[in-house]
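Working notes, structure below.
Chain letters run A, B, ... following the sequence lines, proteins first, then strands; residues in each count from 1.
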2 protein chains.
Amino acid sequence: MKQSLGLFENITGVSDAAKQGFISLLEEVKTEKGHKLEQEGQVSHHLYYIAEGSARSYYVRDNRDITVSFSLAGEFVTAMHSFITRSPSYETIETLEKSIVYRISYEDLQQCFLDFPDMERTYRIILEKYYIALEEQLIFSKFKSAKDRYLELMENKPKIIQKASVGQIASFLDMTIETLSRIRAKI
Amino acid sequence: MKQSLGLFENITGVSDAAKQGFISLLEEVKTEKGHKLEQEGQVSHHLYYIAEGSARSYYVRDNRDITVSFSLAGEFVTAMHSFITRSPSYETIETLEKSIVYRISYEDLQQCFLDFPDMERTYRIILEKYYIALEEQLIFSKFKSAKDRYLELMENKPKIIQKASVGQIASFLDMTIETLSRIRAKI
DNA sequence: CTGAGTTTTTGACTTTTATCAAGGGTTTAT
DNA sequence: ATAAACCCTTGATAAAAGTCAAAAACTCAG
């Protein structure tokens with residue numbers, strides 16, 4: 001049920017009217033594994049909330065598929081750069097498994113901000129969380145060896161290791177499939 | 001003059017009252033080179049806007065000084081993680097040169113959001129910009145060689161190369177001083 | 001101007017990770 | 001059931017970057 005999404009947990013200062021307004025704009029999408037939520041080359045029109053399942057964001061460069069991020073249930077995801085700037089996305093987002101997501105369009109979100117100024121607060125807080133997570137990821141990637149990066153992923157997002165392929169994980173951790181395979185063999 | 005900071009350029013939908021309210025909360029700080037705006041271990045109390053000069057954010061790990069980011073005039077900076085979560089900062093921010101910054105305290109900023117809900121929009125847009133910049137930095141660091149990372153920095157933020165030391169730049173680009181030195185020798 | 005201290009460069013060598021190549025396992029379709 | 005396709009692992013070698021050490025180039029107080 002939309003009402004029990006847990007979407008507004010830990011967020012205070014938002015009126016019930018705003019919450020209801022926001023939720024009424026959500027559209028439910030049920031997808032099979034491998035369904036593309038956003039496509040490279042197209043402007044990202046929606047912000048997604050993953051109710052069940054998981055997704056992977058990636059782009060293709062020099063014929064190689066490079067994973068940017070994994071998103072699990074309870075998280076928001078979109079091709080942020082494209083969504084914010086309204087320019088074509090360089091990344092593709094697809095589900096890693098059968099999933100249920102709720103999405104809101106860019107226009108509806110902006111209208112929601114106008115109708116319910118306190119809604120801007122929710123979005124702001126979500127952005128803050130994502131900013132911090134990204135900052136940590138960047139700092140972390142700065143001074144860790146391939147092995148440490150893998151161990152950290154196992155620690156923090158063990159579900160990803162079950163759901164994603166070696167190739168997807170390797171590109172996320174910025175190493176080759178072979179290196180990841182050797183690391184796993186030694187643990 | 002505070003009024004001519006250029007702070008609200010490119011940001012629409014904010015009332016003059018909100019702008020004035022925000023500006024009135026700013027405190028000017030003139031600093032010498034090397035002045036610490038934020039200290040590791042302490043909660044970050046201010047959001048800074050660099051009017052003149054530049055700053056470097058870094059943390060120390062295993063006795064090594066690792067640069068997280070450089071900030072130039074016209075940009076905002078703070079120990080974001082600490083500022084948002086109100087927990088001790090793991091990073092230190094210091095000016096790279098004699099600088100003039102304007103700062104607003106966490107409490108004043110929150111009050112500003114309450115007094116002027118449309119102010120939340122400005123902050124949100126700033127956050128979005130920073131999020132995108134960080135995302136690009138992360139993606140970029142994923143598949144570039146040491147040399148390419150240096151060339152990209154030269155292209156995008158040439159001022160940093162003049163203002164920061166080899167060691168500071170090397171740790172930002174995630175390579176050793178020696179590697180950076182060799183790269184520079186070959187260009 | 002000079003010499004102590006610091007920063008940067010250069011050199012020799014080592015470690016880490018990538019690349020190329022081949023071989024096992026699984027899965028899937030016929 | 002079997003072949004094709006795919007994914008993962010293993011091995012040999014190569015390339016990239018790191019480490020340690022020493023020399024050269026700056027910086028700045030006296």
> Does the pair A:Arg182/A:Glu178 count as a salt bridge with the N-to-O cut at 4.0 Å?
Replying inline: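 Result for this pair is no, no salt bridge flagged.
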
Can you tell me the distance, in whole Å, between the [atom1] atom of [X] and the [atom2] atom of [N]?
X	N	atom1	atom2	answer
B:Lys33	D:dC28	NZ	P	8 Å
A:Ile169	D:dC7	CD1	P	14 Å
A:Glu178	D:dT10	CD	P	12 Å
B:Asp148	D:dA17	CG	C1'	14 Å
A:Lys186	D:dT10	NZ	C1'	12 Å
B:Ile177	D:dA22	CD1	C1'	15 Å
A:Asp65	D:dC6	CG	P	15 Å

>> We want to know whether B:Gln20 and B:Asp16 form a side-chain donor-acceptor pair, criterion being a heavy-atom distance below 3.5 angstrom.
In response: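 There is no such pair (donor and acceptor under 3.5 Å, judged by atom type) between the side chains of B:Gln20 and B:Asp16.
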
> Strictly by modelled atom types, are B:Tyr123 and A:Glu128 linked by a side-chain donor-acceptor pair under 3.5 Å?
Replying inline: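 There is such a pair (donor and acceptor under 3.5 Å, judged by atom type) between the side chains of B:Tyr123 and A:Glu128.
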
> C:dT19 base to A:Arg182 side chain: any donor-acceptor pair below 3.5 Å?
Replying inline: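 By the distance-only test, yes, there is a pair.
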
Is a donor on one side and an acceptor on the other found under 3.5 Å between the side chain of [X] and the backbone of [Y]?
X	Y	result
B:Arg149	B:Lys144	yes
B:Thr67	B:Gln168	yes
B:Thr92	B:Tyr59	no
A:Lys163	A:Leu72	no

> To 10°, what angle do the rotation axes through the five end pairs on each side of the helix from C:dC1-D:dG30 to C:dG23-D:dC8 form?
Replying inline: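 It comes to 40° between the two terminal axes.
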
Write out a two-atom table: protein N or O, nucleotide N or O from nucleotides 13-17 of chain C, distance below 3.5 Å.
| residue | atom | partner | partner atom | Å |
| --- | --- | --- | --- | --- |
| C:dT17 | OP1 | A:Ala146 | N | 3.0 |

> Hey, what's the ring geometry for A:Phe76 with A:Tyr130, parallel, tilted or perpendicular (30° and 60° as the breaks)?
Replying inline: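 Answer is perpendicular, since the angle exceeds 60°.
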
> According to the interplanar angle, ranging from 0 to 90°, do the rings of B:Phe83 and B:Tyr106 count as parallel (below 30°), tilted (30 to 60°) or perpendicular (above 60°)?
Replying inline: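 Ring orientation of B:Phe83 relative to B:Tyr106: perpendicular.
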
> Which nucleotide in the list C:dT10, D:dC8, C:dC20 gets nearest to the side chain of A:Ser181?
Replying inline: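 Within the option list, the nearest is D:dC8.
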
